[in-house]
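Structure first, commentary second.
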There are 2 protein chains.
Amino acid sequence: MFAIDLKSRKSISEQIVDQIKELIVTGVMEPGEKMPSVRDLAGELTVNPNTVQKAYRLLEQQGFLYTAQGRGTFAADPEEIAASREDVSRAKAMLRDGLDQLYYLGVSRKETEKMIDELITEREDWT
Amino acid sequence: MFAIDLKSRKSISEQIVDQIKELIVTGVMEPGEKMPSVRDLAGELTVNPNTVQKAYRLLEQQGFLYTAQGRGTFAADPEEIAASREDVSRAKAMLRDGLDQLYYLGVSRKETEKMIDELITEREDWT
DNA sequence: TTGATTGTACTATGTATCATAGTACACTGT
DNA sequence: ACAGTGTACTATGATACATAGTACAATCAA
């Protein structure tokens, strides 16, 4: 399904969250499609089931997944995932931090703008 | 000198690092100007001296400060602070993470670009 | 109905990071 | 000599994370 980078500064559960978000947003996971079980995905990633469960719980809280006792966990419809004001401002804070660092390092405004343009263009499908 | 936000997700030492970088880059601290001693700044911020020392050590490693045994710690010349490739790519990774989050949340590309433009424009002096 | 599968909820353990507390030592300038 | 400075320790507590193991309830297929 995907891979975990143990050397990443992101926690494992956070990496799982992000990768699954990617799969859902890009439509690789169809809305309503069944996710692997907590135990299966944990086995595939050689990771603890509790860690996967944590990721699933977070994704459900954010509306990317929904679960049914005894049946499984399913991908939600990306159209219906409402971005909360909190989530957006958290993301904005991450951008601000990154820009701060570049500013402190003396990277020029022009270079920074170019860098961001590259990052955005990496996602050709971003409308 | 500045303030610490205990509720921030950033660690205290990281906040000190960032705030001092800001003071140096903006020229509020003149090159060669003496920084408050570890103990003084710790007292002012009601923070442990070890925490301030950690921040000073990091800032020295990154070239923002230089120290002289028994004399004190001093602000470096911003002109001479060389941005390492590592530092820049770390900052770039922060930007990528923030953009990822916005993408996952379904924020449009246009809105994202507007948001970034605002963030950059907040720093009027950024050349 | 039985059994396998699934989500869920615990407790316990180990590790890492961070901040604090306290002590000590070496260097510098007055 | 003395006060102020950076620096280096050890120890403690708090928190977050991942792992290990167990248990239970709901669901579905045989």
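Just so we're on the same page: letters track the sequence lines, and every chain starts at 1. Because only heavy atoms are used, hydrogens play no part in the values below, and waters and symmetry mates are left out as well, while side chains stay in.
You can see that DNA chain D meets the heavy atoms of chain A within a 4.0 Å-exclusive cut from D/dC17 to D/dC28, reading 5' to 3'.
Residues A/Thr112 and B/Trp126 form a side-chain contact, since some pair of their non-hydrogen atoms from C-beta on lies under 4.5 Å apart. Between A/Leu58 and A/Gln61, some side-chain heavy-atom pair lies under the 4.5 Å cut-off.
In this structure, B/Glu111 has no salt bridge (charged side-chain N to carboxylate O under 4.0 Å, His left out) partners at least two apart in sequence or on a different chain. Every residue two or more places apart in sequence or in another chain that forms a side chain to side chain donor-acceptor pair (under 3.5 Å) with B/Asp125 is listed here: A/Tyr103. Annotation: side-chain contact (heavy atoms from CB on, under 4.5 Å) contacts of B/Glu30 (sequence neighbours excluded): B/Glu33.
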Anything under 3.5 Å between a donor and an acceptor, one on a side chain of residues 63-72 of chain B, the other on a protein residue two or more places apart or in another chain? List them.
residue: B/Thr67; atom: OG1; partner: B/Glu60; partner atom: OE2; Å: 3.1

List the atom pairs, donor and acceptor, that lie under 3.5 Å between side-chain atoms in residues 74-81 of chain B and the rest of the protein, sequence neighbours left out.
residue: B/Asp77; atom: OD1; partner: B/Glu79; partner atom: N; Å: 3.0

Please tabulate, for the side chains in residues 89-97 of chain A, all donor-acceptor contacts under 3.5 angstrom to protein atoms that are two or more places apart in sequence or on a different chain.
residue: A/Ser89; atom: OG; partner: A/Arg85; partner atom: O; Å: 3.3
residue: A/Ser89; atom: OG; partner: A/Glu86; partner atom: O; Å: 3.0
residue: A/Arg90; atom: NH2; partner: A/Asp87; partner atom: OD1; Å: 2.9
residue: A/Arg96; atom: NH1; partner: B/Glu122; partner atom: OE1; Å: 2.9
residue: A/Arg96; atom: NH1; partner: B/Glu122; partner atom: OE2; Å: 3.3

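Listed for the B/Gln19 side chain is a donor-acceptor partner under 3.5 Å among the backbone atoms of B/Ala3.
A/Tyr66 places its OH atom 19 Å from the C1' atom of C/dT8, with the value rounded to the nearest Å.
Here side-chain hydrogen bond (donor to acceptor under 3.5 Å, both in side chains) pairs that include residues 41-50 of chain B, with residues two or more places apart or in two chains, are B/Asn48-B/Asn50. For the salt bridge (charged side-chain N to carboxylate O under 4.0 Å, His left out) condition, the pairs that include at least one residue of residues 13-23 of chain B, sequence neighbours left out, are B/Lys10-B/Asp18, B/Glu22-B/Arg123.
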Scoring nucleotides 25-30 of chain C by protein non-hydrogen atoms under 4.0 Å (B base, S sugar-phosphate only, - none) yields --BSS-
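Shown for residues 40-60 of chain A: residues whose heavy atoms fall under 4.0 angstrom of DNA chain D, namely A/Val47, A/Asn48, A/Asn50, A/Thr51, A/Lys54. A heavy-atom distance below 4.0 Å to DNA chain D is reached by these residues of residues 3-18 of chain A, ordered by number: A/Ser11, A/Ile12, A/Ser13.
Counted within 6.0 Å of NZ on A/Lys114, heavy atoms from surrounding residues, nucleotides or ligands total 12 or fewer; the atom is thus considered open.
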